[in-house]
**Student:** 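So that we are looking at the same thing, I have put the structure below in structure tokens.
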Protein chains: 2
Amino acid sequence: MDIINYLKVNLNIDIQTQEDLPFPIKEKTIKKNKVITDYNQIENKIYFLKSGFIQVSISINEEEKILDFIFEGNFFTAYTSVLTQKPSDVQLIALTDIEVEIIDYQDLKRSYEVSLIANKLGRYVTEWFYIHSRNREKDFLTKPVEQRYLELVSKRKDIVAIVSITKIAKYLGIHPDSLSRIRKKIIS
Amino acid sequence: MDIINYLKVNLNIDIQTQEDLPFPIKEKTIKKNKVITDYNQIENKIYFLKSGFIQVSISINEEEKILDFIFEGNFFTAYTSVLTQKPSDVQLIALTDIEVEIIDYQDLKRSYEVSLIANKLGRYVTEWFYIHSRNREKDFLTKPVEQRYLELVSKRKDIVAIVSITKIAKYLGIHPDSLSRIRKKIIS
């Protein structure tokens, strides 16, 4: 999946080549464990994740939480920082080697002035960010930890092979020992 | 402020009359205390608040919280429900008599197919919803109750005259008695 495919599948927009997009894109490979966007950095890029996955964390009152894992086929960025041009409160890290397509936010903003396709894409991706963020917040408040673990694993079976127990526990908001007990209970 | 003004101020788009908008709008007055959108209702309207203010609440594990107060000059709706067409997890109530402009979501969706202005507006409003929701979540986790109270009151001085102590306490996530103590401390 790439941005051209994403436009076709989600918005029924037919674009043949990258040159026909209303903004330039760059392709890049980023190594496992690399910090893509750090805390307090002002974000100026939007990423499309072609392969691999990334972690989104947030530091609140000096305690770090993992907010999210993002998988291929989705856009990601420190979006509040992009939109407000204030320092990011989230950190983005590649959990595997990843391939991305990158849109510079200044290019995107310029294309928003005149391009129907750019605005359709911007609207659609922002809707996705909104729904995703509200669901995540709600799931955290309403779903039992065991259910959130099972949903994460069913989304991506290989996540337990790639991401450490400590990180998955940080995502679930529990101690790693509690996660080990949950996993034993599920297996047995 | 109305939708035509909102387009001018935020997106530098000049529209003269409602007939020139890419979607039809209806104007309506809604009485104080009226439930605009209820829990489990499927939302199909987007509202622009011309005057008055509204309350957004959420019910989590049978406990009701006030998520937000929205003031004039902003759009509001049960947005996740609009976008997913699933039952709403929030309830919207008019706290004063309010005047609104209403866009039917089916009309808006049709205009998204072809209209640059509709997509610019949809993108911009969704960006606002996203930033607003993320900031609210973060403020709740990081800011002391007293600071959140002062910020609310400084936004709208008349809120304490119109909204009950119980509701403001529900918004702050504290007992009404604690809020009374905070208010006494601030006044003295």
Side-chain angles (χ1 to χ4, degrees), chain A residues 10-13 22 46 56 58-65 67-68 75 77-90 105 108-109 111-144 173, chain B residues 10-13 22 46 56 58-65 67-68 75 77-90 105 108-109 111-144 173:
Chain A
N10 295 297
L11 287 155
N12 203 22
I13 293 171
I46 316 272
V56 183
I58 188 164
S59 177
I60 287 181
N61 304 333
E62 316 214 342
E63 197 198 337
E64 188 168 64
K65 284 185 188 178
L67 267 187
D68 220 343
F75 282 91
T77 178
Y79 202 39
T80 305
S81 175
V82 169
L83 295 174
T84 61
Q85 288 295 293
K86 289 184 184 161
S88 173
D89 61 349
V90 297
Y105 185 56
L108 185 61
K109 256 172 81 174
S111 69
Y112 280 161
E113 291 296 318
V114 292
S115 161
L116 179 61
I117 290 175
N119 279 282
K120 280 188 178 184
L121 178 65
R123 175 181 57 75
Y124 185 85
V125 171
T126 309
E127 288 173 358
W128 188 86
F129 283 154
Y130 180 83
I131 295 169
H132 190 75
S133 144
R134 293 284 290 116
N135 283 346
R136 187 181 67 206
E137 190 187 349
K138 204 187 163 194
D139 285 357
F140 193 84
L141 293 172
T142 57
K143 289 186 179 167
Chain B
N10 294 298
L11 287 155
N12 203 23
I13 292 171
I46 317 272
V56 183
I58 188 164
S59 177
I60 287 179
N61 303 333
E62 316 213 344
E63 197 197 337
E64 187 168 63
K65 282 185 189 179
L67 267 187
D68 221 342
F75 281 90
T77 178
Y79 202 39
T80 305
S81 175
V82 168
L83 295 174
T84 60
Q85 289 294 295
K86 290 184 183 161
S88 173
D89 61 350
V90 297
Y105 185 56
L108 185 62
K109 256 173 80 174
S111 69
Y112 280 161
E113 291 296 318
V114 292
S115 162
L116 179 60
I117 290 175
N119 279 282
K120 281 189 178 185
L121 178 66
R123 175 182 57 75
Y124 186 84
V125 172
T126 310
E127 288 173 356
W128 188 86
F129 284 154
Y130 180 83
I131 296 170
H132 190 75
S133 144
R134 293 283 290 115
N135 283 346
R136 187 179 67 206
E137 190 186 350
K138 205 189 161 194
D139 285 356
F140 192 84
L141 293 172
T142 57
K143 289 186 179 167

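From a predicted model like this one, the values you see are computed outputs, not experimental measurements.
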**Student:** Give the minimum heavy-atom separation between B/G122 and B/T126, together with the two atoms involved.
**Tutor:** O-OG1, 2.5 Å
**Student:** Do any N or O atoms from the side chain of B/K120 and from the backbone of A/E113 form a donor-acceptor pair under 3.5 angstrom?
**Tutor:** yes
**Student:** Give the member of A/D89, A/V125, A/I117, A/T84 that has the highest number of heavy-atom pairs under 4.5 Å with chain B.
**Tutor:** A/D89
**Student:** So what's closer than 4.5 Å to chain B heavy atoms on A/N12: side chain, backbone, both or neither?
**Tutor:** neither
**Student:** Distance from B/I58 atom CD1 to B/K65 atom NZ, nearest 0.5 Å?
**Tutor:** 8.5 Å
**Student:** Determine the option with the most heavy-atom pairs under 4.5 angstrom with chain A, choosing from B/Y112, B/Y79, B/F129.
**Tutor:** B/Y112
**Student:** Mind checking whether B/I13 and B/Y124 have side chains closer than 4.5 Å, heavy atoms only?
**Tutor:** no
**Student:** Quick one: what part of B/V82 sits under 4.5 Å from any heavy atom of chain A, side chain, backbone, both or neither?
**Tutor:** neither
